[in-house]
Amino acid sequence: PYCVILPPPNVTGFLHMGHALDHTIQDVLIRWKRMSGFNTLWLPGSDHAGIATQAVVEKDLRQQGQDRLEMGREAFLKEVWAWKQKYGDRIYSQMKRLGDSVDWEKETFTLDEGVSRAVRKVFVHLYKKGWLYQGERLVNWSPPLQSAISDLEVVHKETKGNLYKLAYPVEGTDERLVIATTRPETYLGDSCVCVHPEDERYKHLVGKNVILPIINRKIPIIADDYVDREFGTGALKVTPAHDFNDYNLGKKHNLPFHNILNVDGTLNESTGAYQGLKVQEARKHIVKDLEDQGFLVEIEPHTHAVGYCDRTGAVVEPFLSKQWFVKTKELSTPARHVVSNETIQFIPEQWTKTYIHWMNIIEDWCVSRQLWWGHRIPAWYCEDCEAITVSESDPSSCESCGSKKITQDNDVLDTWFSSALWPFSTLGWPEDSEALKTFYPTSVLVTGHDIIFFWVARMIMMGLEMKGDVPFRKVYIHGLIRDSEGRKMSKSLGNSIDPVEMIDQYGADALRFTLMAQMATGKDLKFSLPRLEGYRNFMNKLWNATRFSLTNLEGFTAPKNGVDSVLPATEFTTADRWLIFKTGKLQDEVNQYLEEMRFSDAANALYSFIWHDFCDWYLEFSKPTLYGSVAGPKHATQLVLAQTLNRIVRLLHPFAPFITEEIYRRLPIRGDACVIDAYPTSQEDQAWLGLGSEIAAFEMELVKETITAIRNIRGENSIKPGQKIDVYLSPKDDASQKILGKNRSEIVRLGQLNLCEIAPRESLKKCALAPIRMGDSQVDVIVPLEGLVDLEKEMQRLKKLIEKQEKDIKILSGKLNNQRFLANAPEDVVEADRALLATVSSRVEDLRASLMRLSD
RNA sequence: AGGGCCUUAGCUCAGUUGGUAGAGCGCCACCCUUACAAGGUGGAUGUCAUCGGUUCGACCCCGGUAGGCCCUACCA
């Protein structure tokens, strides 16, 4: 089994470039594993995304002049479901454009019945265990949402504000105690003023009271070493109901909690004249009133971190309310353990640290939301005895007193609560389904680092607690997509790119390949259009190469049993056997890279093989044979074409499923469909790969070098492409002589030659020289230049070459004259350098001699 | 404040057991050669941010510095 669960996108959302990346990675893995014979499952789904969806629908309704609160819960939910019905499939159709090969039959929505059952079961389980509790606490409150949000949903941003210094008169004296605050309006909720016990300035005031200005409330001055004497005035106003630190102080010193806010973020009835004002408004009024009455001492600019709601962007207010919390202490311990002992492996590894750090400082998780869209909390309150009944199925009476007067909690669960169960709830849990037995734990989770805490960590905790096993073996964390300037893509910046638009313009395959080619492990990637264009060209190149091949495969019939009935191996050319050999290497590489999830390496290996090895060299080499009429070699080359194309499309298929399937179905050698054909591995491809040879590969490289050397001389000497020239190839060993002889006609053709003589010889008088060395083989490429060009250019070329080689000689001889290098470096390294120095030296000699002859 | 990441050719980036630096795009020159001008052939370009250490040898390992990015964090 090999299973990937798709991170469920927001049901009302659109596919953005981040999804395209995320999905492509998963699709590559799934297609690769599917072709490799695994029992694969890629399970799609979508998320109700409580806050986001409710916000969208509310906004829509407001535009129609309707209001959620007026409509009531039931009517509103009907609207949201209608919305879900209408837009829920939008992202799925986009996924199809991308080519996601998910199992649509297993598609799951987070509010589906099965998932809902799972949610309730987990809720009850945790409640019974005491790991899920209700408590009155200070929580992060989002006024626009009128709901609590979790710590993670708060984003802290450095914000410019002011530090206000306020004077509080000390009761019974003429003294005024000056405190510093960034939120002067909260003075209405002050419970005390706190100073450091050792602070000489204030020691005499501890135990006395101050009178809060205007409202004239009397509050004590207390001492606690929590206070930083250096900050502000060293005197701290304490507002336990509206600040997390003050909350702790309030608990510690048993202070009263004065709540000054309403759920919508306006000041409440306890604030008198300020009632109904929003915090920002109230602040202005209060500061002005304090100033008018002489209580404002100073305002100085001050930058500090302010928490904002990540959904609405509003300033988060610490707010006292009754909420449900998941106790994380016990859950986090095993969850931390499975990562530190590598039962779950993070890729790249660096995220392990981030994860463990977070697990160490994790706080209880506020899971209730004052929303309507989501899983309603399965808790019922009894009007008669005030007991709470928590139950998997809707109860008809109070568990404690049997009263029928029970009402369900109005709130819903945090979206991430159901997401945390996703790896097993989608597979059928709490039923002991076949899918669950087969696919849990899943193989790999692919996601961005922005939701490691939101989602990954919580899935691990819940998986371990409910299933007793990790939810996945590996977590592949990919980078974020940025625009070409490195900024995060976002709607508000207007720099986000619609993947479907890119698909329309360049094709899904090109987009997918671009993403994969740039997907170096763990790094953010800048999306660049030129790059996308380049890979579109690559797809085009493959298409054209196929057209060429198919044209030349007309009349070709593939041998019945693969390669058994094939012609004798002698019919294969050097190029044929080189290509086959390289195909084997490619298969190993791509499989290995995919195994290690090194997607860019895999993509680049394919790119380079297809474009350079196959198109640039092999197809050019194959033309004379294909255009010719010699049956044996022609058939052999056709076979190589057909077999290689077959392997190319299979290898490329996970990256570019559309074009490869299209090509596949036109090939003379193929099965039913590329998507279900086998992924090529060298182990299972021995019959074919056996026709390749490393020796032929070496020979081919020598021939390529020779042709390149000839082209180089032509180019550097500005010899027109149409102008045919004479070339003397002077091999310095028998092996080279044989190799060149065997491939003479290709050299003539691709070098645009008149005459090509292959024999050891002295250099000619006025000629260009290119000495080649590969391993033990050495060849001098000699091109007579007399009458062709002015010799100045060739002299320049030689001088440049000589310079380069001399530099190498200097470095090499420096090393070889270093006694310590000789003494310490491994023998083979020293030997290699010695050999290299010898070659380079003799090459330089030849080049110098050639230069001399030119200037004669 | 703590932690992480990054700095390699004009641009975007590869470079995993330390042995004389690579790709794509762009650039220059030549080419409409019957698969492909979204193409072909050839070419130029790097004190691998900086300083120091380890090593025979460092882009790679260790430490300092500068610049950029991100995360975590209650400083009123």
Side-chain angles (χ1 to χ4, degrees), chain A residues 156 163 179-183 186 194 226-228 230-239 243-248 302 304-305 307 318 348 350-351 353-354 357-358 361 449-450 452-453 479-480 482 484 486 488 506 517-518 520-531 533-552 596 598 600-601 604 607-608 615-616 619-620 623 627 707-708 711-722 749-750 752 797 800 807-808 810-812 814-815 818-826 828-830 832-833 836:
Chain A
H156 294 270
L163 192 60
I179 55 89
T181 179
T182 55
R183 301 169 61 204
T186 62
C194 194
Y226 161 78
V227 174
D228 177 1
E230 305 300 317
F231 190 90
T233 62
L236 169 71
K237 68 187 266 309
V238 180
T239 323
D243 182 281
F244 287 98
N245 297 305
D246 294 6
Y247 178 83
N248 292 334
H302 180 68
H304 61 132
Q350 66 196 68
W351 294 109
K353 260 190 190 169
T354 309
H357 172 72
W358 190 68
I361 59 161
H449 57 71
D450 48 340
I452 292 179
F453 306 145
L480 266 32
R482 301 176 175 282
S484 56
K488 223 167 163 171
Y506 298 95
Q518 290 190 82
T521 311
K523 289 193 177 167
D524 286 356
L525 63 89
K526 284 186 203 168
F527 188 78
S528 85
L529 229 42
R531 196 103 185 225
E533 233 168 275
Y535 291 118
R536 183 268 321 262
N537 294 352
F538 172 58
M539 297 304 156
N540 203 214
K541 183 83 175 171
L542 175 63
W543 184 254
N544 283 322
T546 306
R547 270 178 47 210
F548 167 83
S549 305
L550 293 178
T551 306
N552 288 288
E596 295 166 10
R598 294 169 59 173
S600 61
D601 288 323
N604 288 328
Y607 180 96
S608 162
C615 293
D616 289 350
L619 292 187
E620 291 310 321
K623 281 174 183 174
Y627 297 160
I707 293 167
T708 302
R711 286 169 170 174
N712 173 270
I713 289 170
R714 296 186 66 113
E716 292 287 279
N717 285 295
S718 302
I719 299 169
K720 293 272 175 198
R749 211 174 67 80
L750 297 177
Q752 285 280 63
R797 191 186 72 93
K800 209 167 62 188
K807 225 171 169 181
D808 288 351
K810 210 171 142 192
I811 293 167
L812 284 168
K815 273 170 92 173
N818 182 346
Q819 283 312 311
R820 294 194 302 182
F821 172 70
L822 297 176
N824 292 304
D828 54 326
V829 173
V830 176
D833 279 353
L836 195 57

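Computation of the quantities below employed the complete heavy-atom set of this structure, encompassing side-chain atoms and omitting hydrogens, waters and symmetry-equivalent molecules. Numbered from 1 within each chain, the chains take letters A, B, ... in sequence-line order.
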- Please give, in whole Å, the distance from C36(B) C1' to M539(A) CE? 15 Å

- T181(A) has its side chain closest, among A35(B), A76(B), G19(B), to A76(B)

- Query: Taking side chain as C-beta onward, heavy atoms only, is Y226(A) less than 4.5 Å from D228(A)?
  - Reply: no

- Message: Considering every strand and a 4.0 Å limit on heavy-atom distances, what is the contact class for L163(A): base, sugar-phosphate, or nothing?
- Response: nothing

- Query: Under 4.0 angstrom, heavy atoms only, what part of the nucleic acid is Y627(A) near: base, sugar-phosphate, or nothing?
  - Reply: sugar-phosphate

- Note on the structure: Rounded to whole Å, the OH-P distance (Y607(A) to C13(B)) equals 18 Å

- Note on the structure: Paired to G2(B) by Watson-Crick or G-U wobble criteria (both distances under 3.5 Å) is C71(B)

- Nucleotide nearest D228(A) (side chain, heavy atoms from C-beta), chosen from A35(B), A76(B), C74(B): A76(B)

- Message: In whole Å, I'd like the distance from the OH atom of Y506(A) to the C1' atom of G24(B).
- Response: 15 Å

- For nucleotides G24(B) and G39(B), find the distance between their P atoms and express it as a whole number of Å. 12 Å

- Message: Donor-acceptor check, side chain of D243(A) to backbone of N245(A), threshold 3.5 angstrom: yes or no?
- Response: yes

- Task: Give one of base, sugar-phosphate or nothing for N604(A), where a contact means two heavy atoms less than 4.0 Å apart.
- Result: nothing

- Respond yes when some side-chain nitrogen or oxygen of H304(A) is under 4.0 Å from OP1 or OP2 of A76(B), and no when none is. yes

- Message: Regarding F231(A), tell me which of base, sugar-phosphate or nothing describes its non-hydrogen contacts under 4.0 Å with the strands shown.
- Response: base

- Message: By the 4.0 Å heavy-atom rule, please label L836(A) as base, sugar-phosphate, or nothing.
- Response: base

- Any side-chain N or O of H302(A) under 4.0 Å from OP1/OP2 of A76(B)? yes

- Can a side chain N or O of K526(A) be found less than 4.0 Å away from OP1 or OP2 on C13(B)? yes

- Query: Hey, does the side chain of N824(A) come within less than 4.0 Å of C56(B)'s phosphate (OP1/OP2), counting only N and O?
  - Reply: yes

- Message: For I719(A) versus I713(A), what's the shortest heavy-atom pair and its separation?
- Response: CD1-O, 4.5 Å

- Message: Can you see whether Y607(A) has K541(A) sitting over its ring - NZ or CZ less than 6.0 Å from the centre and within 45° of the normal?
- Response: no

- Message: Any base atoms under 4.0 Å from R711(A), or only sugar-phosphate, or nothing? Heavy atoms, all strands.
- Response: sugar-phosphate

- Here the pair of heavy atoms bringing K623(A) nearest to R749(A) is CB-NH2, 3.9 Å

- Task: Tell me what V238(A) touches on the nucleic acid: a base, only sugar-phosphate, or nothing, going by heavy atoms under 4.0 Å.
- Result: nothing

- Answer yes or no: does a side-chain N or O of K541(A) lie under 4.0 Å from OP1 or OP2 of G40(B)? yes

- Mind checking the C1' distance from A44(B) to A29(B)? Whole angstroms is fine. 11 Å

- Message: Can you give me the closest heavy-atom contact between H302(A) and L163(A), atom names plus distance?
- Response: CB-N, 3.6 Å

- Query: Between C75(B), G42(B), C25(B), which one does the side chain of A305(A) approach most closely?
  - Reply: C75(B)

- Task: Using the C1' atoms only, state how far C5(B) lies from A49(B), rounded to an integer number of Å.
- Result: 15 Å

- Message: Is it the case that the side chains of S528(A) and K526(A) hold a donor-acceptor pair, with the cut-off being a distance below 3.5 Å and no angle test?
- Response: no

- Message: What's E533(A) touching, base or sugar-phosphate or nothing? Going by heavy atoms closer than 4.0 Å.
- Response: nothing

- Note on the structure: I811(A) has its side chain closest, among A76(B), U20(B), G40(B), to U20(B)

- Task: Looking at every strand, decide which applies to L812(A) at a 4.0 Å heavy-atom threshold: base, sugar-phosphate, or nothing.
- Result: base

- Task: Apply side-chain contact (heavy atoms from CB on, under 4.5 Å) to N544(A) and R547(A), showing your working.
- Result: CA-CA 5 Å; N544(A) 283 322; R547(A) 270 178 47 210; 2.9 Å; yes

- Message: With rounding to the closest Å, how many angstrom separate the C1' atoms on U17(B) and G10(B)?
- Response: 34 Å

- Query: Rounding to the closest angstrom, what is the interatomic distance between U7(B) and A14(B) at atom C1'?
  - Reply: 15 Å

- Message: Counting only side-chain nitrogens and oxygens, does N544(A) get under 4.0 Å of the OP1 or OP2 atom of A38(B)?
- Response: no

- Query: For RNA chain B, whose closest nucleotide is more 5', that of K800(A) or that of D601(A)?
  - Reply: D601(A)

- The Watson-Crick or G-U wobble partner of A76(B), with both key distances under 3.5 Å, is none

- Taking only the side-chain heavy atoms of N537(A) (C-beta and beyond), determine which of C75(B), G19(B), A38(B) contains the nearest atom. A38(B)

- Item | K720(A) side chain, from C-beta outward: closest of C31(B), G40(B), G42(B) | C31(B)

- Most 5' of G534(A) and T708(A) on RNA chain B, judged by nearest nucleotide: G534(A)

- Query: Given the C1' atoms of U34(B) and U12(B), what is the spacing between them in whole Å?
  - Reply: 37 Å

- Message: Which nucleotide wins on minimum distance to the side chain of F453(A), given the candidates U72(B), G42(B), C56(B)?
- Response: U72(B)

- Message: If you compare every side-chain N and O of K810(A) against the phosphate oxygens of U20(B) (OP1, OP2), does one of them come in below 4.0 Å?
- Response: no

- Query: With sugar-phosphate meaning primed atoms plus P, OP1 and OP2, does R531(A) contact a base, only sugar-phosphate, or nothing at under 4.0 Å between heavy atoms?
  - Reply: base

- Looking at the side chain of R820(A), which of U72(B), A35(B), C56(B) is the nearest nucleotide? C56(B)

- Item | Nearest-angstrom distance from the residue atom CZ of F527(A) to C1' of C13(B) | 15 Å

- Note on the structure: Across every strand shown, the nucleotide meeting Watson-Crick or G-U wobble geometry with G24(B) (both distances under 3.5 Å) is C11(B)

- Which of parallel (below 30°), tilted (30 to 60°) and perpendicular (above 60°) describes W351(A) and H449(A)? parallel

- Message: What contact category does D616(A) fall into here, base, sugar-phosphate, or nothing, at under 4.0 angstrom with non-hydrogen atoms?
- Response: sugar-phosphate

- Query: Of all the nucleotides listed (G4(B), G43(B), A76(B)), which has the minimum atom distance to the side chain of N712(A)?
  - Reply: G43(B)

- Can you tell me, in whole Å, how much space there is between the P of C11(B) and that of C74(B)? 40 Å

- Message: Heavy atoms only, 4.0 Å cut-off, all strands: where does T182(A) land among base, sugar-phosphate and nothing?
- Response: sugar-phosphate

- Message: Rounding to an integer number of angstrom, what distance separates C62(B) and G19(B) when you compare their P atoms?
- Response: 16 Å

- Query: Quick one: which of G19(B), G4(B), A35(B) gets closest to the side chain of A545(A)?
  - Reply: A35(B)

- Task: Take the protein atom CZ of R547(A) and the nucleotide atom P of A38(B), then report the distance between them rounded to whole Å.
- Result: 14 Å

